[in-house]
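All remarks here apply to the structure that follows.
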Protein chains: 2
Amino acid sequence: MKEATLKQIAETLGISITTVSKALKNYPDVSDKTRKAVHELADSLQYKPNSFAVNLRMQESRTIGVIIPELVHHFFSSVIDGIVAEAEKHGYLVIIQQSNESVVMEKSQVELLLNKRVDGIVMSLSNESNDDEHLKELLRRNVPFVQFDKISKLLNSSKVIIDDQKAACEATTHLIHKGCKKIAHIRGPVNPQNAIDRFLGYKKGLEKHDIPFDPSLVYTCSRVSFEEGKAFAAQILKEHPDVDGIFCITDLVAVGVLAYFNEQKIPVPQQVKVIGFSNWFMSQVITPSLSTVEQPSYEMGTAAFNVLLEEINARKENRVREPKTVRLETQIIERESTRG
Amino acid sequence: MKEATLKQIAETLGISITTVSKALKNYPDVSDKTRKAVHELADSLQYKPNSFAVNLRMQESRTIGVIIPELVHHFFSSVIDGIVAEAEKHGYLVIIQQSNESVVMEKSQVELLLNKRVDGIVMSLSNESNDDEHLKELLRRNVPFVQFDKISKLLNSSKVIIDDQKAACEATTHLIHKGCKKIAHIRGPVNPQNAIDRFLGYKKGLEKHDIPFDPSLVYTCSRVSFEEGKAFAAQILKEHPDVDGIFCITDLVAVGVLAYFNEQKIPVPQQVKVIGFSNWFMSQVITPSLSTVEQPSYEMGTAAFNVLLEEINARKENRVREPKTVRLETQIIERESTRG
DNA sequence: GGTATTTTCGAAAACGTTTTCGATTTTTAT
DNA sequence: ATAAAAATCGAAAACGTTTTCGAAAATACC
């Protein structure tokens with residue numbers, strides 16, 4: 001069962017392909033009579049333009065690529081949600097690739113997307129992305145490109161981010177306002193800008209309130225997991241029994257911490273207060289519910305697509321365009337884990 | 001900055017496009033000398049075949065479409081994870097669409113994917129999918145198509161599913177073995193096959209152990225949410241204070257139930273035992289941890305892609321092929337909420 | 001009726017590839 | 001040296017569209 005083509009319609013109607021094409025796109029230089037005839041036949045044959053032919057002719061795909069470290073994270077799937085919804089509004093399709101936190105994968109996926117001639121790429125970097133070559137290549141080849149969340153600061157592309165440093169500073173300040181005097185920080189891996197900025201924000205929050213920074217209170221995750229949260233909670237309690245506040249790089253880690261405290265019957269928030277980052281769904285559901293930093297993930301998605309669209313359109317109109325950085329607002333959400 | 005084409009290579013080398021094309025694909029009828037020359041130039045120009053031209057010529061896209069109700073669910077993002085990984089292995093790209101549980105959306109997305117000439121579609125139905133027309137149309141047009149998880153039984157397509165009825169029966173049996181005498185069921189909406197089968201499984205589990213079925217112990221969700229779980233827990237306790245077991249359509253609902261019991265200091269599992277379905281990440285993390293039915297989501301993804309690939313290849317070779325149903329194994333996971 | 005204008009149409013090129021088939025050249029066999 | 005066989009190449013068609021530009025037909029004007 002073949003798909004209908006312009007040629008078929010033209011032949012059965014005894015007119016030229018050109019006229020059929022114009023009729024369907026309502027060009028002014030085709031008579032009402034033929035226009036109607038064409039439309040009717042096209043409808044009855046369920047004619048759909050062959051997108052390959054269109055793309056080939058038009059030199060655009062109306063498709064964008066998205067590369068993320070891992071799909072199975074509430075944050076990322078929510079961002080994608082936003083991207084897909086916004087893309088659909090503008091008639092774009094979204095191809096999703098996940099790097100599984102590997103730069104090698106990331107590179108081959110950029111390749112793949114370029115081969116598929118996507119109109120643009122939005123991307124959140126894998127943790128081990130210290131190798132920038134494939135990204136620089138994107139800029140060199142002038143392909144529309146926006147980074148979000150986990151970005152490379154040095155790369156002069158458009159970006160959609162939150163102010164991690166500010167948010168982390170606010171989270172730390174929140175703990176201090178709640179009376180914490182000795183605050184530990186479970187930070188993310190060394191590389192990602194994210195982890196660095198949140199760490200710096202933590203430090204700044206302490207300084208602002210004249211609490212001396214103690215490097216031994218900083219614990220570094222390698223995989224940012226529930227299990228690490230649990231393990232570090234135990235370690236913190238052993239090394240610094242008088243800690244009364246913990247700021248975690250992410251809710252998942254914080255939930256691990258809470259799980260350990262629950263097991264050990266350490267009262268939260270009475271003895272230790274805990275705050276996470278990202279406002280994952282489960283954070284409001286666990287006991288005690290977890291205070292956190294709300295990160296507007298869906299909005300990051302829509303923003304990322306819109307910035308990408310601007311980049312794409314600028315290219316189309318041959319405009320030069322400075323990369324643009326969109327910074328989204330975050331918000332402290334107070335729940336039981338820091339209450340009182 | 002234009003992409004390199006066969007024509008460019010041909011011209012600078014003073015040979016024909018044909019030969020360049022053949023050289024690159026290592027056809028036997030091109031001399032080693034020219035083959036090498038072509039490869040070298042192609043590499044240095046970073047030549048990539050224009051996929052639109054290839055697709056147009058080849059009449060295939062090496063792209064598949066996936067339609068799911070919602071991305072932001074651990075189950076679905078994990079399935080997609082599996083699909084994408086398996087697709088990548090076979091050189092296929094994946095376009096993701098979400099119906100947001102709306103049939104109208106679902107229809108327009110099927111349209112979109114067909115317009116994009118995807119080689120096949122894998123799909124999990126939205127809850128309100130009692131309207132099958134767009135799916136029947138897929139079968140009529142003979143496009144490779146596999147359903148997974150939320151399927152329409154009546155539709156004669158390939159399928160990747162679990163045995164919901166059997167799994168639900170096992171979950172109910174688990175509660176009974178743990179000593180439950182009066183078991184409530186919080187079921188899903190009326191339409192989805194899923195919800196129906198799990199309900200039937202619940203009923204069968206009771207029958208098998210000679211526990212009379214009491215319709216007033218069945219509560220029907222409309223949105224399958226945390227909030228509904230909480231609300232139904234309250235209602236159950238009021239209407240049937242002696243209930244000692246609850247089987248929930250999904251972990252999310254079960255977590256809602258547990259949250260209410262926590263608030264009301266109802267001891268779980270001592271007074272009431274609770275079991276969920278799907279083994280969401282958070283189920284092992286909350287207190288008390290939740291017993292559940294493990295559903296192999298990632299494997300469903302890989303299986304779905306592989307069945308789709310079989311369908312695609314059958315079409316290519318003009319084979320007729322009976323739709324195939326893959327049934328994946330589930331497993332009861334015992335945790336604190338049914339322990340003891 | 002003749003010219004000027006407007007309306008309506010279609011030929012053709014282009015997008016970049018793949019593949020068939022015939023032509024040309026080179027090699028081998030006699 | 002000549003015929004046969006093998007190796008190497010390229011012209012051309014095809015995939016299905018879009019768009020330019022010129023031609024033809026219809027209409028308007030005087």
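Lettering of chains follows the sequences in order, A, B, ..., and the numbering in each one begins at 1.
Distance CG (A:Asn55) to P (D:dC15): 18 Å, rounded to an integer number of Å. Computed from coordinates, the B:Phe52 CZ to D:dA14 P distance equals 24 Å when rounded to whole Å. Atom NZ of A:Lys7 is separated from atom C1' of D:dA14 by 8 Å (rounded to the nearest Å). The interatomic distance linking B:Leu6 (CG) with C:dC15 (C1') rounds to 13 Å, in whole Å. Spacing between atom CE of A:Met58 and atom C1' of D:dG16 amounts to 12 Å, rounded to whole angstrom units. The nearest whole Å value for the distance from the NZ atom in A:Lys25 to the P atom in D:dT20 is 11 Å. For the pair B:Arg117 CZ and D:dG16 P, the computed distance is 8 Å after rounding to whole Å. Atom CG of A:Leu13 is separated from atom P of C:dC9 by 11 Å (rounded to the nearest Å).
Evaluation of the side-chain hydrogen bond (donor to acceptor under 3.5 Å, both in side chains) rule for B:Glu133 yields B:Arg140 as partners, not counting sequence neighbours. With sequence neighbours left out, the salt bridge (Lys or Arg N to Asp or Glu O under 4.0 Å) criterion links B:Lys150 to B:Glu101. Checked against salt bridge (Lys or Arg N to Asp or Glu O under 4.0 Å), A:Glu86 has the following partners two or more places apart in sequence or in another chain: A:Lys89. Listed by chain and residue number, nothing satisfies the salt bridge (Lys or Arg N to Asp or Glu O under 4.0 Å) test with B:Lys136 (two or more places apart in sequence, or in another chain).
The base of D:dG10 sits within donor-acceptor range of the side chain of B:Lys22, with an N or O pair under 3.5 Å.
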Show me, pair by pair, the donor-acceptor contacts under 3.5 angstrom made by side chains of residues 72-83 of chain B, not counting sequence neighbours?
from: B:Ser77; atom 1: OG; to: B:His73; atom 2: O; distance (Å): 3.0
from: B:Ser77; atom 1: OG; to: B:His74; atom 2: O; distance (Å): 3.3
from: B:Ser78; atom 1: OG; to: B:Ser297; atom 2: OG; distance (Å): 2.7
from: B:Asp81; atom 1: OD1; to: A:Gln98; atom 2: NE2; distance (Å): 2.2

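If you check D:dT17, D:dA11, C:dG10 against the side chain of A:Ile15, the one that comes closest is C:dG10. Among the nucleotides C:dG10, C:dC15, C:dT17, the one closest to any side-chain atom of A:Leu56 is C:dC15. Taking every side-chain heavy atom of A:Thr18 into account, C:dA11 is the closest of C:dA11, C:dT17, D:dA12.
For DNA chain C, the neighbouring residues in residues 27-36 of chain B, judged by any heavy atom under 4.0 Å, are B:Tyr27.
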For this session: Go through the steps for A:Leu114 and A:Lys116 under the test side chain to side chain contact (heavy atoms under 4.5 Å, CB included), then give the verdict.
Result: CA-CA 5 Å; A:Leu114 290 183; A:Lys116 273 281 167 179; over 6 Å; no
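OP1 or OP2 of C:dC9 has not a single side-chain nitrogen or oxygen of A:Thr19 nearer than 4.0 Å. The side chain of A:Gln59 contributes an N or O atom lying less than 4.0 Å from OP1 or OP2 of C:dG16.
Residues B:Ile161 and B:Phe148 fail the side-chain proximity criterion, which asks for heavy atoms closer than 4.5 Å.
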